[in-house]
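Working notes, beginning with the structure itself.
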Number of protein chains: 2
Amino acid sequence: MSQGLIPVSETEQSYLNNYNIHDFDVPLTTVDSVLFTVQDGQLFTLLVQRANHPAKGMWGLPGGFVDTQQDTDLDHCAQRHLQQKTGIEAPFLQPLVALGNGQRDPRGWSTSISFYALMAHADCQHYVDTVSDVQWFPLAQAQQMSLAFDHTKILDLALKQLQQKALDSLVLAYALPETFTLTQLQHLHEVILGRSIQSKSFRRRIEQAQVLQDTGEVSDTQGKGKRPSLYRLKPDIAEYRFVRNLEA
Amino acid sequence: MSQGLIPVSETEQSYLNNYNIHDFDVPLTTVDSVLFTVQDGQLFTLLVQRANHPAKGMWGLPGGFVDTQQDTDLDHCAQRHLQQKTGIEAPFLQPLVALGNGQRDPRGWSTSISFYALMAHADCQHYVDTVSDVQWFPLAQAQQMSLAFDHTKILDLALKQLQQKALDSLVLAYALPETFTLTQLQHLHEVILGRSIQSKSFRRRIEQAQVLQDTGEVSDTQGKGKRPSLYRLKPDIAEYRFVRNLEA
DNA sequence: ATAATAGTGTCTTTAAGACATTATAGA
DNA sequence: TCTATAATGTCTTAAAGACACTATTAT
């Protein structure tokens, strides 16, 4: 029997020895992830086509059951399913929401615990290109599709949360290459919000937040115009929240 | 077998007929609630003393397992446990977080889905007074206690979220009587934040938000000074979020 | 009249919006 | 030189902070 964090008394030990999870009608626990990426000035989300019942053949969010043998925690479970189904390596997953009721899954009472992340397109395209049941969909299209279970609702919630983050935080540069330009970062926010941003306002916020490091180097991209400076995230910067949002 | 929202094909039906949840080692699902109230200018949180193993005798958050027969959804489950353990009737529960791993409960892999709410002290004191295993603790004291499972972590997260709400939103007047004064509402925010607020700033925000209705009446409280106007929440106001936070 | 509490006026400060201007590169 | 993109200057605007001041009531 496993040892808990709680001191286990003699009588508690005997209670645990007699405890059998299979005596109860336990609800199912699934973990689902909403992945976003930006490509050609457009937001995309990753969907997988279900190979098995229920909702076989429908597209839905990558995810699956918790495996109590393999998964150390919920985040680990989400990462494992992503890895298995899409070949995607661990972006920075953010907790999203838990939805649970008796109707959402025909197999019975079920809870979906969801995460979301914004990731660099390049970090996954190789694998995704090789299979037909994993695909990036333009967000607007994905929202119109009939997805498995209540995944449309989860997708909508994830987008809302991501947009709020773009208004009150500096959205994770995890979606960008290791070094990037401020214009790239601004474009990322603009695509998420679906509108343009005053670049002066954006740069003032970045300066104030002090979360970026100027590499001293400039982009060697081809094209006209001044070469933009390259920045990287300062180490150990989790998130910066501004006291004032950008206008909605 | 239950009918799902998803169209059930012939083959899907046979899949479902053969599906037995007990064939899998499913994690446990519990739902826990963090209730806050304000009394005498202090924040309190509601704890219950565990009557059973594990962690028997320790104080923890009110909550318990999902009952797939009784509970329609997670929110309903939280309300049911609150009702049963504390006699408290359904405040406005907000989703908080889901924590799940193999260590937090000695009975096995377990997920806690948590909610939090701010409620009026009067709405529950009657019942709580009659039993010894349900008690409001001053928040600071509760945070110092050794609580069951990882409930200290959940409590800390709930407080953080409540404080953020006090900075960027008008915190739910559900914690106040049906009609209340602006000073009462301001005090509520001040207690949550643990510091005083400029009343001019606070009142400007309320005016701008347009979420309160002036009843036209004034408080008949005894005491010196001008009698404050009484307000009530406009119907169907869920939440108002300001573009700019109060200073942290 | 005095004290206490509710509520307003108004000046300062902060940070975003708007948009013109300068800087640097390629063609 | 012309044009495109990067980056900055600076004026305006919105909303919070600070705090003095007025209003209303009980004693």
Side-chain angles (χ1 to χ4, degrees), chain A residues 41 163-171 176 179-190 193 195-231 240-248, chain B residues 41 163-171 176 179-190 193 195-231 240-248:
Chain A
Q163 290 183 325
Q164 182 56 46
K165 264 223 160 99
L167 291 176
D168 69 25
S169 304
L170 261 192
V171 147
L176 296 173
T179 64
F180 51 87
T181 71
L182 298 185
T183 302
Q184 281 179 296
L185 187 55
Q186 181 181 337
H187 281 343
L188 178 62
H189 284 244
E190 290 177 332
L193 294 174
R195 66 167 182 86
S196 61
I197 289 175
Q198 293 284 337
S199 75
K200 182 67 187 186
S201 299
F202 189 74
R203 282 158 190 264
R204 267 190 302 231
R205 284 162 77 97
I206 286 172
E207 189 168 16
Q208 192 222 353
Q210 300 191 80
V211 295
L212 299 190
Q213 230 166 24
D214 192 334
T215 63
E217 295 169 12
V218 293
S219 169
D220 59 350
T221 353
Q222 301 303 336
K224 289 187 176 182
K226 184 170 177 175
R227 288 190 177 156
S229 298
L230 287 170
Y231 293 79
Y240 186 91
R241 184 147 187 186
F242 298 97
V243 279
R244 187 165 169 181
N245 298 356
L246 295 175
E247 285 180 359
Chain B
Q163 289 183 325
Q164 182 57 45
K165 264 224 160 99
L167 291 176
D168 69 23
S169 304
L170 261 193
V171 148
L176 296 174
T179 65
F180 50 87
T181 71
L182 297 186
T183 302
Q184 281 180 296
L185 187 56
Q186 182 181 337
H187 280 344
L188 179 62
H189 285 245
E190 289 177 332
L193 294 173
R195 66 167 182 87
S196 61
I197 290 175
Q198 293 283 336
S199 74
K200 182 66 187 186
S201 299
F202 189 73
R203 282 157 190 263
R204 267 190 302 232
R205 284 162 77 97
I206 285 172
E207 190 168 17
Q208 194 221 353
Q210 300 191 75
V211 295
L212 298 190
Q213 229 166 23
D214 192 335
T215 62
E217 296 169 11
V218 293
S219 169
D220 58 351
T221 351
Q222 301 302 336
K224 288 186 176 182
K226 186 171 177 175
R227 289 193 177 151
S229 298
L230 287 170
Y231 293 80
Y240 186 90
R241 184 148 188 185
F242 298 98
V243 276
R244 185 164 170 182
N245 299 356
L246 295 176
E247 284 180 0

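Note on naming: letters A, B, ... go to the chains in the order of the sequence lines (proteins, then strands), and numbering restarts at 1 for each one.
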Could you tell me whether the phosphate oxygens of [N], OP1 or OP2, come under 4.0 Å of any side-chain nitrogen or oxygen in [X]?
X	N	result
R205(B)	dA16(D)	yes
R227(B)	dA26(D)	yes
Q198(B)	dC19(D)	no

A side-chain contact here means heavy atoms from C-beta on lying under 4.5 Å apart; do L212(B) and Y240(B) qualify?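 Not touching, per the 4.5 Å side-chain cut-off.
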
[N] [atom2] sits how many Å from [X] [atom1], rounded?
X	N	atom1	atom2	result
K226(B)	dG7(C)	NZ	C1'	5 Å
N245(A)	dG17(C)	CG	P	10 Å
D214(B)	dA6(C)	CG	P	15 Å
H189(B)	dA16(D)	NE2	P	13 Å
I197(B)	dC19(D)	CD1	P	17 Å
L182(A)	dT5(D)	CG	P	17 Å
D220(B)	dA6(C)	CG	P	14 Å
F202(B)	dA18(D)	CZ	P	16 Å

H187(B) side chain to E190(B) side chain, donor-acceptor N/O pair below 3.5 angstrom: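 Indeed, the side chains of H187(B) and E190(B) share at least one donor-acceptor pair under 3.5 Å.
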
So if I take every side-chain heavy atom of [X] and compare against [options], which nucleotide ends up nearest?
X	options	result
R203(A)	dA16(C), dA7(D), dG7(C)	dA7(D)
S201(B)	dC19(D), dG17(C), dA16(D)	dA16(D)
R204(A)	dA15(C), dG17(C), dG7(C)	dG17(C)

At their closest point, which heavy atom of Q163(B) faces which heavy atom of L193(B), and how far apart are they?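 Where Q163(B) meets L193(B) most closely, the heavy atoms are O-CD2, 3.6 Å.
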
For a quick test of reading the model, state the closest non-hydrogen atom pair linking R205(A) to L167(A) and the distance between them.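 Smallest interatomic distance, heavy atoms only, reads NH2-O, 2.8 Å.
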
Need one value for T181(B): base, sugar-phosphate or nothing, where a base atom within 4.0 Å counts as base even if backbone is also close, heavy atoms only.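 The residue T181(B) makes no contact with any strand.
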
Which is true for S229(A) with a 4.0 Å heavy-atom rule: it touches a base, it touches only sugar-phosphate, or it touches nothing?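 Sugar-phosphate, no base atom in range.
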
Main-chain N/O of G216(B) paired with D214(B) side-chain donor or acceptor, under 3.5 Å: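 Flag set: sc D214(B) to bb G216(B) pair under 3.5 Å.
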
Closest-nucleotide mapping onto DNA chain C: is F242(A) or G225(B) further toward the 5' terminus? I mean the 5' end. G225(B)

Quick check on DNA chain C: between E247(B) and K224(B), whose nearest nucleotide comes earlier from the 5' end?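 The residue mapped nearer the 5' terminus is K224(B).
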
Counting only distance, no hydrogens or angles, is the base of dG7(C) paired donor-acceptor with the side chain of K200(B) under 3.5 Å?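 Check fails, no donor-acceptor contact within cut-off.
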
Can you work out whether L246(B) or V218(B) has the more 5'-proximal nearest nucleotide on DNA chain D?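 Its nearest nucleotide lies further toward 5', so the answer is L246(B).
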
